[in-house]
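Per chain, numbering begins at 1; letters A, B, ... match sequence-line order.
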Amino acid sequence: MPELPEVETVRRGLERFAVGRRVEHVEVGRERVVRRTSRAALVDGLTGTTVLAAERRGKYIRCPLDSGDELMVHLRMSGQLLVARPGSTRPPHTHVVAHLSARPPGAAVHGVLGDGPVELWFVDPRTFGEMVVFDPDHVAVEVPELARLGIDPVADPFTRRELRELVRPRSRQLKALLLDQHLIAGIGNIYADEILHAARLRPDRTSDTLNPPAEARLHTAIVEVLAAAIDAGGSSLRDAQYVDLFGGAGSYQDAHRVYGRTGERCTTCGVGWVRRIVIAQRSTHYCPRCQR
DNA sequence: AAACAAACCTGTGCGC
DNA sequence: TGCGCACAGGTTTGTT
């Protein structure tokens with residue numbers, strides 16, 4: 001369930017362990033992962049390039065390469081990026097392996113893997129995830145959804161004013177609004193529920209009914225919940241699809257107030273019981289007492 | 001414009 | 001115990 005905090009955790013891992021290395025060799029198993037282009041396009045686009053940076057927009061990872069192209073990775077539901085020592089045993093569903101060079105002399109030493117060569121694995125049982133190398137000058141054609149992405153509440157300036165301009169002119173259920181990547185990029189099902197609980201707003205309330213205090217609570221909740229989740233390294237659920245670059249779990253699941261807590265007493269008010277309903281075709285958890 | 005449905009795919013966990 | 005099935009997650013596309 002990689003959402004913004006999980007993708008940000010992965011991005012930070014890439015910054016430490018991939019940036020500055022050269023891609024020596026690429027293996028692509030299942031071609032479905034590169035369906036937007038082809039196996040050859042990914043191999044040719046990556047081989048021989050050096051990774052210049054690791055960036056994130058919403059749930060999309062973007063890595064500029066010294067060729068002028070960019071690598072885009074989306075983990076979708078079950079994708080993982082992992083770093084490993086060369087020759088390590090690969091887990092099932094490892095669809096792409098990029099062999100990265102040692103770091104150049106003078107680079108800082110980073111963690112247990114040191115500066116020797118590493119492998120970067122893309123693992124994805126459900127194969128919804130994808131990788132593509134594209135020309136950023138043609139992003140609107142080659143990766144149109146990137147060009148249509150809404151504001152990133154962590155990477156972009158995101159004040160109450162930006163939120164107000166998204167919320168006021170529409171009449172959308174708040175849950176659906178938070179999930180709409182064209183408006184705000186990066187919030188998924190878990191964090192939408194947690195944000196609305198923190199803001200004390202019902203998920204089915206419509207956006208044009210918020211008064212200024214409610215709008216302010218929503219803004220604060222978006223910023224604070226995402227920041228706390230990033231600090232915790234994201235959420236790893238029981239079926240544990242999400243892990244960081246080294247296979248480590250996050251801990252924000254322990255801080256969930258409503259997601260996955262159907263039928264439990266609300267820990268915030270101590271009175272209400274967490275309900276599960278369906279909104280925007282997604283399971284939605286909230287406390288009918290706290291959230292209005 | 002907004003809501004809804006289906007599609008993509010596989011592992012997990014439930015009920016019988 | 002074993003089987004079958006609903007379900008989970010993100011996004012696009014198409015329909016109402």
| query | For DNA chain C, which consecutive runs of 3 or more Watson-Crick or G-U pairs (each distance under 3.5 Å) count as stems? | reply | B:2-8 with C:10-16, B:10-16 with C:2-8
| Whole-Å distance between B:dG11 C1' and A:D124 CG? | 12 Å
| query | Same cluster for A:I184 and A:L146 if Ile/Leu/Val/Met/Phe/Trp/Tyr side chains link at under 4.5 Å? | reply | no
| said: What I'd like to find out is whether the side chain of A:L174 reaches to under 4.5 Å of the side chain of A:S207, using heavy atoms alone. | reply: yes
| request: Could you measure between the two P atoms, the one in C:dC3 and the one in B:dC9, and give it in whole Å? | output: 25 Å
| message | Using whole Å, what does the distance between atom P of nucleotide C:dC7 and atom CD1 of A:I277 come to? | response | 16 Å
| query | Are A:L245 and A:L120 side-chain neighbours, meaning at least one heavy-atom pair lies under 4.5 Å? | reply | yes
| If you look at every strand shown and take non-hydrogen atoms under 4.0 Å, does A:R36 touch a base, only sugar-phosphate, or nothing? | nothing
| Minimum heavy-atom distance between A:F134 and A:R62, given as atom pair plus value | CZ-NH2, 3.8 Å
| Any A:H95 side-chain heavy atom under 4.5 Å of A:R32 side chain | no
| query | Whole Å only: how far is the CG atom of A:L177 from the C1' atom of B:dC4? | reply | 17 Å
| field | Test side-chain contact (heavy atoms from CB on, under 4.5 Å) applied to A:N189 - qualifying residues, sequence neighbours left out | value | A:K175, A:L179, A:Y259, A:R282, A:S283
| request: Before accepting this row, confirm whether a basic side-chain N of the pair A:E145/A:R36 lies closer than 4.0 Å to the acidic partner's carboxylate O. | output: yes
| query | Which nucleotide in the set B:dA3, C:dG10, B:dC9 lies at the smallest distance from any side-chain heavy atom of A:E3? | reply | C:dG10
| request: Could you state the atom-to-atom distance from CG of A:D180 to P of B:dA2 in whole Å? | output: 9 Å
| note | Scoring nucleotides 11-16 of chain C by protein non-hydrogen atoms under 4.0 Å (B base, S sugar-phosphate only, - none) yields SS----
| task | Would you tell me if any nitrogen or oxygen in the side chain of A:R30 comes within less than 4.0 Å of OP1 or OP2 on B:dT10? | result | yes
| Is it true that atom CZ of A:R170 has more than 12 heavy atoms of other residues, nucleotides or ligands lying nearer than 6.0 Å? | yes
| note | Picking from B:dA2, B:dC4, B:dT10, the nucleotide nearest the side-chain atoms of A:R172 would be B:dA2
| Quick one: do the A:T159 and A:E162 side chains pair a donor with an acceptor below 3.5 Å? | yes
| field | Between P of B:dT12 and CE of A:M77, the distance in whole Å | value | 16 Å
| Expressed in angstrom and rounded to an integer, what is the separation of A:H256 atom NE2 from C:dA8 atom P? | 16 Å
| Whole Å only: how far is the CG atom of A:L149 from the C1' atom of C:dG10? | 12 Å
| said: Before you tell me yes or no, could you show the steps for A:F128 and A:H74 under ring pair (Phe, Tyr, Trp, His ring centres under 6.0 Å), namely the whole-Å CA-CA distance, both residues' side-chain angles and the distance that decides it to 0.1 Å? | reply: CA-CA 9 Å; A:F128 283 18; A:H74 198 304; over 10 Å; no
| field | B:dC8 to C:dG4 separation - P atoms, rounded to the nearest Å | value | 22 Å
| query | CD of A:Q80 versus C1' of B:dG11: gap in Å, rounded? | reply | 12 Å
| Of A:I279 and A:H93, whose nearest nucleotide on DNA chain B comes first from the 5' end? | A:I279
